[in-house]
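Scroll down for the structure; my scribbles are underneath it.
Chain letters run A, B, ... following the sequence lines, proteins first, then strands; residues in each count from 1.
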Protein chains: 4
Amino acid sequence: MAIQVEQAKLDLVESLAAQGLVTDPLSAKGRLLAKAAKLFRAKGYERTTVRDIAAEVGIQSGSIFHHFKSKDEILKAIMEEVIVYNMHRMRKLVDEADTARNALLALICCELDAVNGLTGNAMSVLVYEWRSLSEDKQRFILGLRAEYEALWSETMQYALDEADQTADVFVLRRLLTGALSWTTTWYDTNGKLSINELAEEALKLVIKE
Amino acid sequence: MAIQVEQAKLDLVESLAAQGLVTDPLSAKGRLLAKAAKLFRAKGYERTTVRDIAAEVGIQSGSIFHHFKSKDEILKAIMEEVIVYNMHRMRKLVDEADTARNALLALICCELDAVNGLTGNAMSVLVYEWRSLSEDKQRFILGLRAEYEALWSETMQYALDEADQTADVFVLRRLLTGALSWTTTWYDTNGKLSINELAEEALKLVIKE
Amino acid sequence: MAIQVEQAKLDLVESLAAQGLVTDPLSAKGRLLAKAAKLFRAKGYERTTVRDIAAEVGIQSGSIFHHFKSKDEILKAIMEEVIVYNMHRMRKLVDEADTARNALLALICCELDAVNGLTGNAMSVLVYEWRSLSEDKQRFILGLRAEYEALWSETMQYALDEADQTADVFVLRRLLTGALSWTTTWYDTNGKLSINELAEEALKLVIKE
Amino acid sequence: MAIQVEQAKLDLVESLAAQGLVTDPLSAKGRLLAKAAKLFRAKGYERTTVRDIAAEVGIQSGSIFHHFKSKDEILKAIMEEVIVYNMHRMRKLVDEADTARNALLALICCELDAVNGLTGNAMSVLVYEWRSLSEDKQRFILGLRAEYEALWSETMQYALDEADQTADVFVLRRLLTGALSWTTTWYDTNGKLSINELAEEALKLVIKE
DNA sequence: CATGAATGAGTTTTCATTCAT
DNA sequence: TATGAATGAAAACTCATTCAT
């Protein structure tokens, strides 16, 4: 089953790349973005030099500017694409869920996977390198995040209604956001605890049976 | 009561300063640390220049180096002092608590206050500027954090036992860490929700009645 | 008459192009030179990139190097051709003049037209981008300019003799050079003052009736 | 007499420096401006690197930015100060002149001296490096030039009236501007022709006896 | 001939840190 | 202690030029 999930993710990337919504991860530009995300996450945006990125990709530093006008254009691209990609993935999973509880579980699972899986570097960058983005680019990314959060709020409210629970969705989502995004600092993908199990734990923070 | 709490905090600072464990916040050095924390939080460590800090304090950039050997010594001092201070505060509150549940509530309350109150800037810096610290200084701060986390684990375990709940304390504490530290990005000190109420909400994530 | 003059200029270009002395302005290379001259004049040689020129012509930057070995080869060609062309034109007009005064007037007229007419961009480049040329190319262009100046000195001397005036031709020509070439900064081709009228004004600086 | 003139110039600089209108040429900043002007004139603004200037002054390239925020701030300062200085000098000479003819002669003399004397480098830069200035700085300098030109127009008109000549002052001043500024390319300060003699020649271009 | 990705040397600029005063 | 000019290493970015396709 895990293999099916992974295949579905690859199919989605391919389809989004074909539509020009994200960069093909196999292209020169796509590899550059992946390496940059890795470095930005590990060292932080400011402490990562353009030369570092170039060295990681195996090109000369000047060549970077063939693909991106500036260093912070790279940062923006990383953030934009990771939102676009996860947004599409979440929408699909929510649509396929049979109950509101399961839709919320799918979102949690998806966000945990986003943070700890293949897009983990990009998600960390999105969360922790926010202030390194120029103001106008921040506004642009903020617009995308708003859409993303709208999906969360809606799904969460449905799940609470279904469980006959009342709670402040605004507060609850934010507590959960912190809990889930923080997993990047401690969750071990190769450890005993699977993403699905962790997701169940996290769901319990919200929905009490 | 709130006034009493605030007074207690000031007394603690004074007492710690007298022991040389933290810098007197009214001294030149103390004001420098506060301003630096504010700037590091707002702009990030790397994007904050020594000149920025000097300007904020009202001195010349060269003068900073009479107080601190280097820029990252400032960062270390901010992190060290905020841990030392909150550690002492938490120990006292845990000792005074009548039940394990209340001890845990006190910790949560204290961490929320640390993150959103007077030491908010320093706490944010501690969490988000971690990688800007040189490796040897990271190790030093890590030692302090270990003590801090030990207090948390212990208290949490007592509270779970008391409530006849079983859970993975390791996982639970980390989910909570994320949830609480993330409040810095959204919690409004002057809003309707008080720190105590928020703490009660957060406690519910852990202890189910 | 104006049309005849314009036609004569086109005929001259055609004839020089046929002899390989200048580049046919309708050819790809010729259009490149014209666009480059326009940009060099507007922005200066250094601030004009090879990409700017390529974009203006509608080709890719790499393709430029099929026409010219280097960027400063373009600059040299612009300078060389504008001298060659105007030199030929002046020789013809001097030969056709009935009096020395009129020969000088023809030269003035021709230089004003060179500076403000079709070759205005190239002439500006010749005057103001001089130092951007590599030393050996400067020497080459200097040789051409010497010929050009010889024609001026000779004609001027004849005109002064004819008018029974004595003056330092060296100084006078240089004062005039400055006055005429500076017109590029203020003379309005579409204004009330015609080139011929302006030439008469300029002639008065030299020959007093 | 020449020595008196030179002394008067030095006195003026000193007085303007004391008022903060120009930079003291003996200060570090003043020497930097002089060297930069020399290099900008010789090689052009773009081909002169900040390192070139630093080397000429005998400091490190980074130190330049202690005195000027950017390279083009240096260019602006050169242009601004040379106008301010010559403006003051001209105003004084015009005020002291007994006839309108002599006032105009003084202006010509002063401009020739500005172009060929101590401020020759700066004047050349003002004329030939114009486009290297950022647009907003161009506007600022343009304001100063307008004042400068107003003084010229006025004085020229008086001189023409006094000589019972009619002429287009606009055209005449521009022809003269070109003639005078171009002297920088050929006039030899140590040659036989003195500035005063050259000024008399130039005056003849305007006022016919 | 044309393309356009890649090069790599060179540019301006930044900034923590030093040190003579 | 405080100052602020000077340092110098390192940063992001530019761009003429090359070359495989």
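A sub-4.0 Å separation between OP1 or OP2 of F:dA2 and a side-chain N or O of B:His67 is present. Phosphate contact (OP1/OP2 of E:dG8, side-chain N/O of A:Gln60, threshold under 4.0 Å): present. Taking only side-chain nitrogens and oxygens, D:His66 comes nearer than 4.0 Å to OP1 or OP2 of F:dA5.
With no hydrogens or angles considered, no side-chain donor-acceptor pair links C:Ser124 and C:Asn121 at under 3.5 Å.
The side chain of C:Phe65 has F:dT17 as its nearest neighbour among E:dT17, F:dT17, F:dA12. Checked against F:dT7, E:dT17, F:dT3, the side chain of B:Ile59 finds its nearest nucleotide in F:dT3. Checked against E:dT7, F:dA12, E:dT13, the side chain of A:Val50 finds its nearest nucleotide in F:dA12.
In this structure, D:Ile64 reaches neither bases nor backbone, as no heavy-atom distance under 4.0 Å exists between it and the strands shown. C:Thr48 comes within contact range of the sugar-phosphate backbone alone, with a heavy-atom separation under 4.0 Å but no base atom that close. Using a 4.0 Å heavy-atom criterion, one finds that D:Ser63 contacts the bases of the nucleic acid, with or without backbone contacts as well.
The nearest heavy atom of DNA chain F to D:Ala28 and to B:Ala28 marks one nucleotide each, and the one closer to the 5' end goes with B:Ala28. Each of B:Gly62 and A:Ser61 lies near DNA chain E, and the nucleotide nearest A:Ser61 is the one positioned closer to the 5' end. Along DNA chain F, the nucleotide nearest to A:Lys71 and the one nearest to B:Gly58 differ in position, and the one closer to the 5' end is contacted by B:Gly58. With the nearest nucleotide of DNA chain E identified for both A:Arg51 and B:Lys69, A:Arg51 has the one nearer the 5' end.
Remark: D:Glu135 CD is loosely packed, at most 12 non-hydrogen atoms of other residues, nucleotides or ligands lying under 6.0 Å away. Heavy-atom neighbours of A:Leu118 CG from other residues, nucleotides or ligands within 6.0 Å: at or below the threshold of 12.
Spacing between atom OH of B:Tyr45 and atom P of E:dA16 amounts to 8 Å, rounded to whole angstrom units. Taking atom CG of D:Leu39 as the reference point, atom P of E:dT11 lies 13 Å away to the nearest angstrom. Look at CZ on A:Phe68: it is 15 Å from P on F:dT14, rounded to the nearest Å. Residue C:Glu73 contributes atom CD, which lies 12 Å from atom P of F:dT18 at whole-angstrom precision. Atom CG of D:Asp72 is separated from atom P of E:dT12 by 12 Å (rounded to the nearest Å). A:Lys29 places its NZ atom 15 Å from the P atom of E:dG4, with the value rounded to the nearest Å.
Under the Watson-Crick or G-U wobble criterion, with both distances below 3.5 Å, E:dT21 is paired with F:dA2. For F:dG8, the paired base is E:dC15 (Watson-Crick or G-U wobble, both distances below 3.5 Å).
Ion pairing of C:Glu129 with C:Arg41 is absent here, as no side-chain N (NZ or NE/NH1/NH2) approaches a carboxylate O to less than 4.0 Å.
Partner B:Asp52 forms a salt bridge (charged side-chain N to carboxylate O under 4.0 Å, His left out) with one of B:Lys71, B:Lys43, B:Lys38 and no other, that one being B:Lys43.
In this pair, C:Tyr45 and C:Phe40 present their aromatic rings perpendicular. The plane angle is above 60°, beyond the 30 to 60° band.
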